[in-house]
Chemist: 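The structure that follows is given in the form of C-alpha cells.
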Amino acid sequence: APSAVPVPLEDRSRSVSKTHALIELRDHMVWVTDLHSTNGTTLTNNVGEALLCEPGIAMPVGDGWRVGFGEYTIGVSRQR
C-alpha cells in the first residue's frame with residue numbers, strides 16, 4: 001500500500017515480521033491483511049473465537065475484536 005505508514009515495535013523476541021500486516025480503515029470498518037508473515041496474524045472475536053488470517057487476503061475486524069501478531073495484540077473499538 002503506497003500510503004501505508006510503518007509502525008515500529010520494540011520486539012526483542014523477534015516475533016513480528018518486518019512487514020507483518022496491513023491495518024486499514026475502509027468504509028468505516030477496520031480491515032487486516034497478513035503480509036505473508038512468519039508467525040501469522042489472528043483475529044479474535046468478542047466470544048474468544050480465533051481465526052488465522054490467510055496471507056494476502058483482507059479480513060474485516062469487528063468492534064471489540066483483537067488482532068494478534070507475534071507476541072503482540074491490539075484491540076479494535078469504535079468511538080461513538
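Excluded from the calculations below are hydrogen atoms, water molecules and symmetry mates; all remaining heavy atoms, backbone and side chain alike, are included. One is the number of the first residue; the rest follow in order along the sequence.
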Chemist: So, taking the atom named OG1 in Thr38 and the one named CZ in Arg14, what distance separates them when rounded to the nearest 0.5 Å?
Modeler: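 Between Thr38 OG1 and Arg14 CZ, I get 11.5 Å after rounding to 0.5 Å.
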
Chemist: Are Thr41 and His20 close enough, and set up right, to give a side-chain contact (heavy atoms from CB on, under 4.5 Å), and what steps lead you there?
Modeler: CA-CA 8 Å; Thr41 303; His20 196 101; 3.3 Å; yes

Chemist: Do any pairs count as a side chain to side chain donor-acceptor pair (under 3.5 Å) and have a residue in residues 66-77, sequence neighbours left out, and if so which ones?
Modeler: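 Counting only pairs at least two positions apart or across chains, the side chain to side chain donor-acceptor pair (under 3.5 Å) contacts touching residues 66-77 are Ser13-Glu71.
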
Chemist: In the structure I gave you, are the side-chain heavy atoms of Val76 and Val67 within less than 4.5 Å of one another anywhere?
Modeler: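 The answer is yes, as the side chains (C-beta and beyond) meet within the 4.5 Å cut-off.
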
Chemist: With a 3.5 Å cut-off and sequence neighbours excluded, list the donor-acceptor pairs that the side chains of residues 21-28 form with protein atoms.
Modeler:
from  : atom 1 : to    : atom 2 : distance (Å)
Glu24 : OE2    : Arg26 : NH2    : 3.4

Chemist: Output all residues satisfying side chain to side chain donor-acceptor pair (under 3.5 Å) with Thr42, sequence neighbours left out; order by chain, then residue number.
Modeler: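 Result, side chain to side chain donor-acceptor pair (under 3.5 Å) vs Thr42: none returned.
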
Chemist: For residues 35-67, pull every pair meeting ring pair (Phe, Tyr, Trp, His ring centres under 6.0 Å), keeping only residues two or more places apart or in separate chains.
Modeler: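 Applying ring pair (Phe, Tyr, Trp, His ring centres under 6.0 Å) to every pair that reaches into residues 35-67, excluding sequence neighbours, yields nothing.
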
Chemist: Does the side chain of Met59 come within less than 4.5 Å of Leu51's, by heavy atoms?
Modeler: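 Yes - at least one pair of side-chain heavy atoms lies under 4.5 Å apart.
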
Chemist: Would you say Ile74 and Met29 are hydrophobically clustered, going by side-chain heavy atoms of ILVMFWY under 4.5 Å?
Modeler: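 No, Ile74 and Met29 fall in different hydrophobic clusters.
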
Chemist: Grouping I, L, V, M, F, W and Y whenever their side-chain heavy atoms are under 4.5 Å apart, do Ile57 and Leu52 come out in a common cluster?
Modeler: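 No.
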
Chemist: Please walk me through it: do Cys53 and Thr33 pass side-chain contact (heavy atoms from CB on, under 4.5 Å)?
Modeler: CA-CA 7 Å; Cys53 294; Thr33 305; over 6 Å; no

Chemist: Under the salt bridge (Lys or Arg N to Asp or Glu O under 4.0 Å) definition, can you give me all pairs with a residue in residues 34-54, not counting sequence neighbours?
Modeler: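 Of all non-adjacent pairs touching residues 34-54, none passes salt bridge (Lys or Arg N to Asp or Glu O under 4.0 Å).
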
Chemist: Answer yes or no: is there a donor N or O on one side and an acceptor on the other, between the side chain of Asp11 and the main chain of Val16, under 3.5 Å?
Modeler: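 Yes, Asp11 side chain to Val16 backbone: donor-acceptor pair under 3.5 Å.
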
Chemist: What about Leu35 and Val7, same hydrophobic cluster or not, with Ile/Leu/Val/Met/Phe/Trp/Tyr joined at side-chain heavy-atom distances under 4.5 Å?
Modeler: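 No, no single cluster joins them.
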
Chemist: To the nearest 0.5 Å, tell me how far Ser17 OG sits from Asn39 CG.
Modeler: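 So the gap between those two atoms works out to 6.0 Å.
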
Chemist: Tracing side-chain links under 4.5 Å among I, L, V, M, F, W and Y, which residues wind up in one group with Val5?
Modeler: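 Under the 4.5 Å side-chain rule, Val5 groups with nothing.
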
